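Right, one structure below, let's go through it.
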Amino acid sequence: MSIGIGIIGMGVISHYYVAGFARVGQCKLVAVCDLNRAKLAAHDAGPVATYLDYRDLLADPRVVGVVINLPNNLHFKAGMEALAAGKHVCCEKPLTLSLEEAQILAASAEELGLCLLTSFHRRYNLHLIAAREARLFDPAARDIRAVHAHYDERIEDHAGADTWYLNPASCGGGCIADNGPNVFDSLSAVLGRLRLVDVSARYDETGLDVGAQVELLTGGGIPVTAHLSWDYAHGERKDIVLEDSQGRLTEVDFLQDSEGFKTSLYHEYEGVLAHFAHAIQAGGEYGADGVDAARLVAQCYAMLAAKRAPAANKLVLGGRLVKLLRHSSHARGMTLIEARSRCVRAGELHELVSTDQAGLGSGDRVDRVGFIGFMEATGAGVIDVGDTFHIGDQAIGVVLGFDECHFPNHYNILISTDRLLTASDIPPATPGAAVRFEETV
Ligand SMILES: NC(=O)c1ccc[n+]([C@@H]2O[C@H](COP(=O)([O-])OP(=O)(O)OC[C@H]3O[C@@H](n4cnc5c(N)ncnc54)[C@H](O)[C@@H]3O)[C@@H](O)[C@H]2O)c1
């Protein structure tokens, strides 16, 4: 019997899943969801159920498993809700924005006995499979001195109509968050677990990593370099190159024989769907690959943050959460003060508030707010409008401004986010968790 699958998020990538169902008999598309009605139009007249709210899709008993094909910052919430509804989950990469979220999602899947896999489509690339079958990556069969992988593209070619990719709060970062998981997973699939040795990055004028070189090591000590770019001027390059001790190179080109942009994705997503159907039936897959990729992404950003700190114009202002808040308001009536920076002394307490209201300036009223909690500054420093605010490893958003309705007791520090966030939406937000405000370079 064919397993009923629903897709949540009918943007660019949904196309490859929909095409894949036509060729994969083990599962069939029974429902689709997008909050944009126009994206559902192709299914208006057919047998596939259409939903504007994914909670309704999750309540559909014909849906046994879901493909989560939403912007990256929604993967965790939708994944948790899908598991809670008893659905198996195949989530687009990256599994989540932070390692903590990935671990929570994987633990929930295991606890509930539901399949969780990340849609690492390159695993099913026929050239990668052929190279693996020929034992090209096996150091016992081949002379391998080094491995080089390339994941080069121009992000504007890949992004849908939406620009969420270019917002680190919804994408999770730049090319390391976006392409890192795919390249780390492809390499791990053929070389085993990788250890991060070093990373360097190039940034655009907004501080986004648009290029990176990641140095890794296999368990057997073979050096692996992953080159990532989001501003590649020559189309696309996606490959793994093996170098032997004579310096001879063998390339496994993911895009070989694929005429036209993204055409290799058709057969790769068939592989994803066939694997998902198999994993639902066989059981025992609880997101380990997605968690491992999230580990390497988190380690890259932590290493880069540590490297960048001394070169920046100001010290990172660190602190810890002393109280969590979990409520929100749509009529709070805060006011952004004129000052664009505030000096903070060690030991001071301030309140952290998210808002999804955009385009505000000094004197503007802020009504839509999510309360995250209170922090204690563990050192003195300066918080500026535009600083990036982190809880643990997770970038939450950018400082929008300050409200002083409770001053001199404390400031409300307003953080600009895509949607209202309270402590309940931020897994690393626990009492005592580290927070930091960092200059956005
Ligand atoms: N574009 C690529 O080349 C590529 C490749 C591999 C993986 N991915 C991953 O696939 C995922 C989707 O990427 P995309 O390029 O298709 O994005 P997209 O922006 O084209 O599509 C996202 C869709 O989600 C919908 N949506 C947003 N919030 C929703 C909600 N709450 N409920 C229902 N629908 C909602 C949007 O209306 C949109 O149609 C991302 O995680 C991305 O990282 C993209």
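Count residues from 1 along the sequence. Because the structure is predicted, anything quoted here is derived from the model rather than measured. Every number for a ligand or one of its atoms is a count from 1 in the order of the listing.
No part of N182 comes within 4.0 Å of ligand 1, judged by heavy-atom distances.
Atoms of ligand 1 found under 4.0 Å from any heavy atom of N69 (numbered from 1 in listed order, with element): 10 (O), 11 (C), 12 (C), 16 (O), 22 (C). In the vicinity of H75, heavy-atom distances shorter than 4.0 Å reach the ligand 1 atoms 41 (O).
Taking the six-membered ring for Trp, Y266 and H15 have ring centres closer than 6.0 Å.
A donor and an acceptor atom, one from each side chain of H148 and E243, are located under 3.5 Å apart. Under the 3.5 Å distance criterion, with hydrogens and angles disregarded, no donor-acceptor pair is assigned to the side chains of D418 and W164.
Considering only residues two or more places apart in sequence or on other chains, Y124 meets the ring pair (Phe, Tyr, Trp, His ring centres under 6.0 Å) condition with H275.
For atom 7 (C) of ligand 1, the nearest non-hydrogen atom from the set E236, H121, E92, R122 belongs to E92. Across the listed options F120, Y54, Y165, Y165 owns the non-hydrogen atom lying nearest to atom 1 (N) of ligand 1. Of the candidates D34, T118, I155, it is D34 that places a heavy atom closest to atom 23 (C) of ligand 1.
Between the side chain of R132 and the backbone N or O of A189, at least one donor-acceptor pair lies under 3.5 Å.
At a 3.5 angstrom cut-off on N or O pairs, K93 counts as close to ligand 1. Between I13 and ligand 1, at least one pair of N/O atoms sits closer than 3.5 Å. Considering backbone and side-chain N/O atoms, P71 never comes within less than 3.5 Å of an N/O atom of ligand 1.
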Let me have the donor-acceptor pairs involving side chains of residues 249-257, under 3.5 Å, with sequence neighbours excluded, atom names and distances please.
unit_1, atom_1, unit_2, atom_2, d
D253, OD1, L255, N, 2.9

